[in-house]
Number of protein chains: 4
Amino acid sequence: MGAVKTKRMPRAVRERQMLDAAVRIFGRRGYRAASMDEIAELAGVSKPLVYLYLNSKEDLFTACLRREATALTRAVREGVRPDLPADRQLWEGLRAFFAHTAEHPDGWSVLRSQARTHGEPFAAEVAAMREEIVAFVTRLIAVAAREAHRDPDLPEREVAGLAEALVGAAESLAAWANTTPGVTARQAAATLMNFAWSGLGALREGRGWVPPAGEG
Amino acid sequence: MGAVKTKRMPRAVRERQMLDAAVRIFGRRGYRAASMDEIAELAGVSKPLVYLYLNSKEDLFTACLRREATALTRAVREGVRPDLPADRQLWEGLRAFFAHTAEHPDGWSVLRSQARTHGEPFAAEVAAMREEIVAFVTRLIAVAAREAHRDPDLPEREVAGLAEALVGAAESLAAWANTTPGVTARQAAATLMNFAWSGLGALREGRGWVPPAGEG
Amino acid sequence: MGAVKTKRMPRAVRERQMLDAAVRIFGRRGYRAASMDEIAELAGVSKPLVYLYLNSKEDLFTACLRREATALTRAVREGVRPDLPADRQLWEGLRAFFAHTAEHPDGWSVLRSQARTHGEPFAAEVAAMREEIVAFVTRLIAVAAREAHRDPDLPEREVAGLAEALVGAAESLAAWANTTPGVTARQAAATLMNFAWSGLGALREGRGWVPPAGEG
Amino acid sequence: MGAVKTKRMPRAVRERQMLDAAVRIFGRRGYRAASMDEIAELAGVSKPLVYLYLNSKEDLFTACLRREATALTRAVREGVRPDLPADRQLWEGLRAFFAHTAEHPDGWSVLRSQARTHGEPFAAEVAAMREEIVAFVTRLIAVAAREAHRDPDLPEREVAGLAEALVGAAESLAAWANTTPGVTARQAAATLMNFAWSGLGALREGRGWVPPAGEG
DNA sequence: CATGAATGAGGATTCATTCAT
DNA sequence: CATGAATGAATCCTCATTCAT
């Protein structure tokens, strides 16, 4: 099921194949349980070539992390039109997030589950990636607060906590949406948006955030 | 630094020591990176004894999972008084959750981060535990909805999604609270409760959920 | 040809077997070319046991070095009676040196040839051992100079150089004696002693240092 | 830091660059620890070219050995004027030896330390080289003996032993001189000459061999 | 019960060497 | 000529697991 074994490919292509394979294996097995043998085989190359191009298991994992993190943050950023009001931005960001993670489950798995491995030396990479996402969300929340007339600056730590919570909720929902049949990315995003924007309290009163209609 | 080496302890005590050690090692290193050697040494027993009592690494991990999951769900359940209104119940549940995870960071780490390792055969164990928590939260949300006069039954799937989101947010915040100096369990719970109950939209209007005063 | 495969030996015995095997392999192949597999097989144990007891290739080599160096310096020291005049002391030291190296050619090979590997982290070990021997010889030479009536203190550096030269000559002769059939340790010692004490110039005049008769 | 990468050099030049690089790497790392990659990079050529010109690691090392051995023996031979008396010849030979090894430490390292690796198939090459040097020294010693009126022929084996000892002493002193700051090749040669010609016994009497003055 | 002794199996990494272009 | 692409074969090392005492 690996890539078709073709000989003499240019380096860039081979590297991409290797990263693809690595993301898949890392995503499914975890960092420690993944074996370079399996990755090389899935990539359709010999192990030494993997080492020649990507140096070590650590570096390979870091490269995966970086690639998937970049792809995810770009997807989210590109999904958001910054001229809209904060709730619309958030809605779009969540939709992009869910869509991307649904399309790249292994990449998402690498980012989410496997990156938490403490003690491994790429902790910095992981932290940086996560911080980038949290910073993005923090900005959105801050915008929301700034748009409000009262209480323009929430305590910084409060905002950070909210961002953490939102990201965690999104992560959790992404996993749920990906494993529960019949749940689409859009529905997951709507659920989360509803939760995030209006809160559970609104349920009591039958209110809630309503997703804008008719955008696919 | 392991347990003091004492001879001839009753089996139950020895087993507890082993589980304590295992939770600590598994929590800090992850399933694959944890070594039976290290666990045995930390427990202050010989390796064969670990195998005699707990069979295999897998079984040992499963036992850790089960113990920590039970402890966490019990803590949450016991923290909640079911006669109160839903928001108070949720608040108390969250407080109990954050307090417990703050006091048992390794156990929480085992449950949260390390258990996600796909492919390992205790996935079922983890799923069961998570489902129990989600079910608990789901019940709370359903109560909240039922307490409301209008729209008494939200679509079941919607509720499930909300519960997932809430649990995910709580998980994420717990990690954040455990690693960010100066953030207490109570603050984390308040942040999440605020977020969950009132939503971000409320921030715009300067409203929000206010934690009940004076309960420690 | 390895040790007889016996099971369940006490640790000390097994360690000795491993060191014996390691000295032999390291001595014949050199540090880099020696493989832990071959050493383990020759020792009649599995590789993990070698690692369990001796940690790493580096540590194993260091242990060999230390053991052989200690044995050699002890043999030389014990061969010398410090109450005799300097030439007799030197003669006895050389005899002991050649006898020991002839009896332990692999150990000698480890010390001499293989230890020179620059960049390896046991350089310190090797240097210490060599310095001990050089210091011993230096002392003998200094004694010889002190026994003389004139010029009681040679420049320190000069003595160091002489000691280096003598040790080098001995090393070289030991190798020669070990590989040239029909050359005994005693003959090698006599040759060197003659060379060292009387010098080549004395040969011109038919003079020379004469080994004391009748001591086997 | 390797050679400047220039295109289209004549084969002889390229080969020289490769040998230069190889001597440096082999001299510093040893045969086994040296990697063809590093050599090729230092030589500023691609690895296949190294193989095209020099066949294999073994052949490359043999070529290094041969080149450096030839250079050393030529330097010694050319440093000696065969019409002088034996002690002057020996003195000049030693001076040439120390000067050459001081100027070509890597080459000397290849010859001395690394060549001892038993089991490798260039043992013959090394032996031949060493024998050539020993033969040269042997001739000098024989001359010294022949110049003497009495005892015109020392036993052949005795002479061989002396030559071994002298070469060993020279090797050792060369290493010492190269690593001890403030010791020049001339001083090392004088020390050794003193040692070799007059012997340690002469020290007792305050006599010794005196290097001829004023020749640089 | 409890443990010191022991290992099969596998995993990361390196290296000399060769084609196809 | 010259090189980028590629690999088979080792090598060091670790780990879960089991006996014999």
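Naming convention: chains lettered A, B, ... in sequence-line order (proteins, then strands); numbering from 1 in each chain.
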Pair assignment for F:dT11, Watson-Crick or G-U wobble, requiring both distances under 3.5 Å: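 E:dA12 - that is the nucleotide pairing with F:dT11, both distances being under 3.5 Å.
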
Does E:dC1 pair with anything, Watson-Crick or G-U wobble, both distances under 3.5 Å, and if so, with which nucleotide?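 Paired with no nucleotide.
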
Does the ring of A:Tyr31 carry A:Lys57 above it, NZ/CZ under 6.0 angstrom from centre and within 45° of its axis?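 Positive - A:Lys57 is close enough to the ring of A:Tyr31 and near enough to its axis.
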
pair C:Glu38-C:Arg29: side-chain heavy atoms closer than 4.5 Å: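 Answer yes - side chains close enough.
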
With side chains defined as the heavy atoms from C-beta onward, is the minimum distance between B:Leu19 and B:Leu60 less than 4.5 Å?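 With C-beta onward as the side chain, the pair touches.
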
Nearest-nucleotide pick for [X], side chain only, options being [options]:
X       : options                : result
D:Ser35 : E:dA2, E:dA6, E:dA16   : E:dA16
A:Tyr51 : F:dG4, E:dA12, E:dA16  : E:dA12
B:Met36 : E:dG11, F:dA16, E:dT13 : F:dA16
C:Met9  : F:dA6, E:dA6, E:dA9    : E:dA6
D:Pro48 : E:dA16, E:dC19, E:dA6  : E:dC19
D:Lys57 : F:dC12, E:dA16, F:dA5  : E:dA16
C:Arg11 : E:dA2, E:dA5, E:dT7    : E:dA5
A:Arg14 : F:dC15, E:dA16, F:dA6  : F:dA6
A:Val45 : E:dA6, F:dT7, E:dA2    : F:dT7

Interatomic distance, [X] [atom1] vs [N] [atom2] [rounded to whole Å]:
X       : N      : atom1 : atom2 : answer
B:Ile25 : F:dA16 : CD1   : C1'   : 16 Å
C:Leu49 : E:dA9  : CG    : P     : 17 Å
C:Asp59 : F:dT14 : CG    : P     : 11 Å
C:Leu52 : F:dC15 : CG    : C1'   : 12 Å
C:Arg32 : F:dA10 : CZ    : P     : 17 Å
C:Leu54 : E:dA6  : CG    : C1'   : 15 Å
C:Tyr31 : F:dC12 : OH    : P     : 8 Å
C:Arg29 : F:dA10 : CZ    : C1'   : 15 Å

Mapping A:Ala34 and D:Asp37 onto DNA chain E by nearest heavy atom, which one lands closer to the 5' end?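 On the 5' side of the pair lies A:Ala34.
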
If you pin B:Tyr53 and D:Asn55 to their nearest nucleotides in DNA chain E, which one's is more 5'?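 Nearest nucleotide further toward 5': that of B:Tyr53.
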
Pair D:Asp20-D:Arg24, side-chain contact (heavy atoms from CB on, under 4.5 Å): steps then yes or no: CA-CA 6 Å; D:Asp20 287 346; D:Arg24 183 142 156 203; over 6 Å; no

Option from B:Leu111, B:Thr70, B:Val23 for which side chain to side chain contact (heavy atoms under 4.5 Å, CB included) with B:Leu65 holds: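 Testing each of B:Leu111, B:Thr70, B:Val23 against B:Leu65, the sole residue satisfying side chain to side chain contact (heavy atoms under 4.5 Å, CB included) is B:Leu111.
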
Please test C:Met9 against C:Gln17 for side-chain contact (heavy atoms from CB on, under 4.5 Å), starting from the C-alpha separation and ending with a verdict. CA-CA 10 Å; C:Met9 324 261 297; C:Gln17 290 175 347; 3.4 Å; yes

With a 3.5 Å cut-off and just heavy-atom distances, do the side chain of A:Lys47 and the base of F:dT7 make a donor-acceptor pair?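 Looking at the base of F:dT7, it does not pair with any donor or acceptor on the side chain of A:Lys47 (distance under 3.5 Å).
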
